[in-house]
There are 2 protein chains.
Amino acid sequence: MSNNREVAKLAGVSVATVSRALQKPELVSLKTRNKVLSAIKKLDYRPNLMAAKFRSGKSGNLVVLVPTVANLFFARVISGMQEEAHKRSYSILLCNTFGNPEMEEGYAKMVHTFQADGVIQLRAYNPFGAEDAGGNAALPMVNACEVLDDTTVPTVALDNRAAARAMTEHLLQLGHRRIAVIKGPKSSPLTRDRLAGYRDALEEAGIAFDESLLCPGDFTLHSGHKAAGVLIDLNERPTAIFCENDEMAIGAIQRIKQSGLRVPDDISVAGFDDIAFAPFSDPPLTTIAQPAEEFGSTAVSLLIDLLEGRIKKAPKVILPFELVVRASTGPASIEETLQ
Amino acid sequence: MSNNREVAKLAGVSVATVSRALQKPELVSLKTRNKVLSAIKKLDYRPNLMAAKFRSGKSGNLVVLVPTVANLFFARVISGMQEEAHKRSYSILLCNTFGNPEMEEGYAKMVHTFQADGVIQLRAYNPFGAEDAGGNAALPMVNACEVLDDTTVPTVALDNRAAARAMTEHLLQLGHRRIAVIKGPKSSPLTRDRLAGYRDALEEAGIAFDESLLCPGDFTLHSGHKAAGVLIDLNERPTAIFCENDEMAIGAIQRIKQSGLRVPDDISVAGFDDIAFAPFSDPPLTTIAQPAEEFGSTAVSLLIDLLEGRIKKAPKVILPFELVVRASTGPASIEETLQ
DNA sequence: CATAAAAATGTATCCGGATACATATAAGAT
DNA sequence: ATCTTATATGTATCCGGATACATTTTTATG
């Protein structure tokens, strides 16, 4: 493999000129530049970017910590990241962590060993751990989708509380009074915020909060299916179920139909995320649309700006949501409304 | 940031000893090793792996070219890759290419510039292009999922022809005679092979191949929905539709139900892939299960073996499939069977 | 205790671009 | 033609580990 010096020799110039001809062509005369370029061509020279990166101290890599790529929402987020990173000449090092803190910490350490310049974390956990204790130095990190609230790093999030409130209000307007919630993992701030939005709406409508209508889930189809089974068997069955993501909603719909009940006639079901399958469920799913790709591109953009020193104070970006009403939610039956 | 030499100085040893204490501890006496380790601790030294990689000429990165991550099958494949790469101390550079050859070629060039050691391509296209013309040097590449047949690189694939044949036979056994196919993009070998398997089964059953029962798609929910619309309106409507992936099958089922027809009573629908949503569609989808994660882990494993010189001849790995019969396929109606 | 063999450590150099600084050449002003 | 700038090019060095080879120390053997 040919290098700098061989090209210089063949072109009859110095290595500095070769380097300049490639990096800052305007500093090199046309004649010289052509000599260099033809030498490069003749030798089939390719600059060793590992060397360049090593010298510059910038790897050009961004570590992305994602609980699981096998999730349509995260997949779209990653897609958005990839596109933005590519535009900005950065690469994405994808790390599936299954939400495992040790694994997240391990990958975050790639920054310490100069294998990556920064980290995007899609979960509410600081993989740099105690290191941040002092809170002094800005961590090369952006927190997106599910964010920590006490963090000093840039974040990209949805106003989950407002979104959940909007969805709950939609259900209330349809006359529902017993609205169940299938939650995400209990440690998640995302779940906490969505639940807060749900309670906001209930309170405003003067409806008492009923703990028994909350059911835990883990964002998978199966957990939605299982949770719906529990809710159906309640003494006072809910007339609507608000699921914290679409997968659980689709699982819940199946379970409800298996019980011989109808959606939305007997029970309305709402989701969150608006994944590609949402309009194709039966009935099509009422949900909250999130700009998933934008989460990714914004996170990457913020991280690069941070790394390149264009950011002073950690911004907290809030992306917009949209209530998408489809056929899985409908009016509560008359008896219910009158209760 | 502290380096090699500072550690050496503080520990009162040479840089070579520091390096050895970390890389080959058995070559360093316990006493010296402890001195080095405590110096490392005191200085909070982290070896610059960019430097090490640069020197060794191995980046430890694998480029993964995927048409789109926002696809549940590919997402699982990538998940499998990530896990295997992590085990073997390699990193995955994820590249969403949208099946764009220029983009694929661009990313593949990362190998030339030493940013990556090898490439895993999940599509039937050689991103190293004409370079392979001579077919001399082994390309640092593994082709998985949708593979080229004339390639000299290792491949990981399913016996798509046998799988499609198995599915078609299943439909034939249920009495179907007019079996439509919603295909993938026409340039895909995957589509070609699955179609061949379909024809094998028809031929064996003595049923004439009918071109009008083939409908193009692009593996999306919408394309399945649209294609089903066309098939429903045929003069002689098919009694079963074999879709080349589950997304299209789910799209097709929705379209069929929208026409007031029932699945499987009026039309049976089968998919391919067995994505997480398959058992949750209504009715649950009959499909071909593929070991998606294994595609990923096997591809990574092969590529690393290739890069590290443990492979002589390019292996062609065939992974097993499984016919998963659920409720979306059922017996053809009597009239149909008697026709 | 001498000597050979093994183990431990050190010295010097390499990897391949990037670039500060020095030098040389060309263009412009008077 | 002379001197000042601007432009172009070259020289030398750095980045931070890895390691071939040299040297020193320790252990084993007769």
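Each chain gets a letter, A, B and so on, in the order its sequence line appears, and its residues count up from 1.
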Looking at A/Arg76 and A/Glu293, does any basic side-chain N land under 4.0 Å from a carboxylate oxygen?
yes
Is A/Leu307 close to A/Leu62 at the side-chain level, that is, under 4.5 Å between some pair of heavy atoms?
yes
Measure from CE on A/Met50 to P on D/dG16 and round the result to the nearest Å.
15 Å
Check this for me, if you would: do B/Lys53 and B/Asp117 make a salt bridge, where the nitrogen-to-carboxylate-oxygen distance has to be below 4.0 angstrom?
no
Whole angstrom is fine here: how far is it from CG in A/Leu49 over to P in C/dG16?
13 Å
Students often mix this up, so state it plainly: with edges at 30° and 60°, are the rings of A/Phe54 and B/Phe54 parallel, tilted or perpendicular?
parallel
Kindly say if A/Asn4 contacts the phosphate of C/dG17, meaning a side-chain N or O under 4.0 Å from OP1 or OP2.
yes
Within the sub-3.5 Å range, which N or O atoms of nucleotides 24-27 of chain D have a protein N or O partner, and how far apart are they?
none

Provide, to the nearest angstrom, the distance between the CD atom belonging to B/Glu6 and the C1' atom belonging to D/dG17.
14 Å
Quick check on contacts: within residues 17-30 of chain B, what sits under 4.0 Å from DNA chain D by heavy-atom distance?
B/Ser19, B/Gln23
May I have the distance from B/Asn34 (atom CG) to C/dA8 (atom P), rounded to whole angstrom?
14 Å
Separation of atom NZ in A/Lys53 from atom C1' in D/dG16, rounded to whole Å
17 Å
Once you round it to whole Å, what is the distance between P of D/dT9 and NZ of A/Lys9?
21 Å
Kindly indicate whether the side chain of B/Arg5 and the base of D/dG17 share any N or O donor-acceptor pair separated by less than 3.5 Å?
yes
Crowded around A/Lys42 NZ? As in, over 12 foreign heavy atoms under 6.0 Å?
no
For DNA chain C, whose closest nucleotide is more 5', that of B/Arg55 or that of B/Ser14?
B/Ser14
Taking the six-membered ring for Trp, are A/Phe73 and A/Phe295 parallel (under 30°), tilted (30 to 60°) or perpendicular (over 60°)?
perpendicular
Tell me which of B/Ala51 and B/Val13 sits closer to the 5' end of DNA chain C, going by the nucleotide each one is nearest to.
B/Val13
Taking any heavy-atom pair under 4.0 Å as a contact, classify A/Ala52: base, sugar-phosphate, or nothing.
sugar-phosphate
In whole angstrom, what separates A/Tyr45's OH from C/dG16's C1'?
7 Å
Contact check, side chains of A/Val317 and A/Pro154, non-hydrogen atoms, under 4.5 Å:
no
Distance alone, cut at 3.5 Å: any donor-acceptor contact between the side chains of B/Glu105 and B/Tyr125?
yes
Side-chain H-bond candidate by donor/acceptor type, A/Glu146 with A/Ser188, under 3.5 Å:
yes
Within the pair B/Asn48 and D/dG16, is there a side-chain N or O less than 4.0 Å away from OP1 or OP2?
no
How bent is the helix from C/dC1-D/dG30 to C/dT30-D/dA1, measuring the angle between the end axes built from five pairs each, rounded to 10°?
30°
Give the rounded distance in Å between these two atoms: CZ of A/Phe54 and C1' of D/dA18.
11 Å
For B/Val7, does its backbone N or O pair with a side-chain atom of B/Asn4 as donor and acceptor, under 3.5 Å?
no
Could you tell me whether the side chains of A/Ser301 and A/Thr298 share a donor-acceptor contact shorter than 3.5 Å?
no
Flag the pair A/Asn61 / A/Val63 as yes when at least one side-chain heavy-atom distance between them is below 4.5 Å, and no otherwise.
no
